[in-house]
2 protein chains.
Amino acid sequence: MTAAEEERLARATISIVTEPGDVRCLGLTRELGGVRFLEVLREQPDLRPEFAAAAGRLATVQPERVLETSARRGIRFVVPGDDEWPSALDDLAGAGVLHARGEVPVGLWVRGPLRIDRLGPAVAVVGSRSSTAYGDQMAGDLAAALGAAGRTVVSGAAYGVDYAAHRGAVSADAHTVAVLACGVDRAYPLAHRQMLDHLGEHQAVVSEAPPGAAPFRIRFLARNRIIAALTRGTVVVEAALRSGALNTASWADRLHRTVMGVPGPVVSAASEGVHELIRAGGAALVTSGADVLELLGAPGENLLDVRRAPDDSRDRLSVRARQVLDAVPVSSPAPTESVAVVAGLGAEEVERLLGGLAVDGHVERLPAGWRLPAAMRSTIDR
Amino acid sequence: MTAAEEERLARATISIVTEPGDVRCLGLTRELGGVRFLEVLREQPDLRPEFAAAAGRLATVQPERVLETSARRGIRFVVPGDDEWPSALDDLAGAGVLHARGEVPVGLWVRGPLRIDRLGPAVAVVGSRSSTAYGDQMAGDLAAALGAAGRTVVSGAAYGVDYAAHRGAVSADAHTVAVLACGVDRAYPLAHRQMLDHLGEHQAVVSEAPPGAAPFRIRFLARNRIIAALTRGTVVVEAALRSGALNTASWADRLHRTVMGVPGPVVSAASEGVHELIRAGGAALVTSGADVLELLGAPGENLLDVRRAPDDSRDRLSVRARQVLDAVPVSSPAPTESVAVVAGLGAEEVERLLGGLAVDGHVERLPAGWRLPAAMRSTIDR
């Protein structure tokens, strides 16, 4: 067995006996290496209270078999040092010491042909499981737009926004990655088996938890940091005030990724968490894939034009010309003198300004005087 | 005639012969006083090209009569130096030199019992004339909430958001002020005559333009600066990319007032201008009257609690207790040993943790083992 093989086996073992995101065990593995940390676990199981449970499980697990069975089922275990290891995950080093979960995972279990070191500047699209039709539409449109621009989409596999995001990316023939809280061989929720199989066959399904692991509640919190770390930015589409998506957003913020939020109707509880995030300055407001690309591009890249309505040629008139234009009747023509009285300007100046306005099509001259041409008869606007 | 009466008459004259927001004439009136500026206008009508028109009208106007007729109709002309002059308007001094309109008005024509120097920390609620039902609801709710908190609402008199804002304020028995682009004796749009009469009788209708003045397009741009200046902050409820409300917002910003925007569905064109404003950092996102009050209060005043969902007692559990809780079956009870296996922890520790969980009602012990109590059987959540 080469040293690399030995390290992979050690890390598989650690992945199987510890909980995803266990800050102490993962931090020590990162510092000492998997082989050395496993020795510590075997030789000094009582060194820290956190080690006892993991050490106790060592005797009962068969990591070689898990790796073999996984490989037969098309599941690989990617560890630091592998070509496929995404260096972005190393940003998690030291992260989470004050939190329940954190740190660089010892490895990731991956199912599917997409290489996770080649996701490019990926974007997480996350949000509520109980999304509205509006949220689903926004998530799908956003993912499709990002996908069409060559960005990989990353999300979970839950109902609602996660599902809509993957579907949007797939519809744009784009890359999309599902990061699970359970083993990549499991379908949770069960209704998404078909989607997960599709992603496992054409894209990538990823988990820090080993094959067979159940979708325990705390594993979602650990999982969220992987979604944040793998991407350049996280877009929250809909999120209630209490939402896992906000946990992902807070991981993205801690990892110096860009946090973005899609607004929605204020009356919709599904948007409350997003509004609160934007309100508190925790997220930039985005309304389209183009907005996201602008925020995630390198400085000066993907800059958007300032959005404005089509130019109104009246905007380019001088104040006095507009004053005259305002005084021109809409349909019954009026002579220059009465336009001048209404405008409060001298008749000579008004005559000159009306001439200029007629050249540009703002007014028309009839035998009886001046009026607006049919095309210009919009209602008086502020 | 006292000096004050003479100055009021001079300013009424200037108000009648110049356009609202004429930067040059208004700036000189502010610097020289109305009496002196009127002398300049009479003696040197050709001093600046802008003066000619105003000077030409001097011979034809009858300011004494306008003041008299107005007074008979319950319209007063408030000028700097009057007790009723709102000092907030003086913030407009020098503002607008680079713009089509600007500066401190020479006076304001007011109809209605509300004193405009006693509006308190008022809030402008502005937005689209072609608002959606959502926008009308938001404007009305917001104005009612601000009114209930003792704030005066200020808006225009247009269809849509303006109308909804006044209606909301009136429904909360609050003060509300309409600032017009035409004379305060005119109803524009005509459909709002009843509302304007109501405000003129119980509140205040205000204009920089003299009675009889028509609602010319450029007068709306001048009017918007009055709305911004009279208030502590401007809330834009719905606004297309091209909207007078955004002009009011930009005046509020220039005058160092707080600019706020209410988000809406991204798919709604009526919210595009607001989203663009928030996106570009030009406005704070607000979703309620409480948000507005927090932003407009003095530092530390009206602070909102951070909005969060009701506390979940499971959040306070240690990671290991949650690990055990996750391993407890929902309905068919399981013995301690199998909970321990699923949790990956030692049986002794699990027994102890289960005891604690049972005390807090997270799990229940049956003869056959442990399971979740009925009340706790929510689905697995992230």
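Here is how names work: the chains are called A, B, and so on, in the same order as the sequence lines, proteins then strands, and each is numbered from 1.
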Check your understanding: Considering only heavy atoms from C-beta outward, does the side chain of A:Ser288 approach that of B:Val266 to under 4.5 Å?
Key -> no

**Study point:** Beyond-backbone contact of B:Arg322 with A:Leu221, side-chain heavy atoms, under 4.5 angstrom
**Key:** yes

Practice item. Check step by step if salt bridge (Lys or Arg N to Asp or Glu O under 4.0 Å) holds for A:Glu294 and B:Arg279. Key: CA-CA 12 Å; A:Glu294 181 184 48; B:Arg279 200 184 76 89; 3.0 Å; yes

Nearest-0.5 Å distance, [atom1] of residue [X] to [atom2] of residue [Y]:
X	Y	atom1	atom2	result
A:Leu345	B:Arg57	CG	CZ	8.0 Å
B:Leu325	A:Arg217	CG	CZ	8.0 Å
B:Gln323	A:Asp22	CD	CG	8.0 Å

Study note, to complete from the structure: Counting heavy-atom pairs under 4.5 Å with chain B, the top scorer among A:Ala53, A:Gly264, A:Ala280 is A:Gly264

Practice item. Measure distances from A:Arg320 to the heavy atoms of chain B and classify the residue's part below 4.5 Å as side chain, backbone, both or neither. Key: side chain

Check your understanding: Which bit of B:Glu349 comes within less than 4.5 Å of chain A, counting heavy atoms only: side chain, backbone, both or neither?
Key -> neither

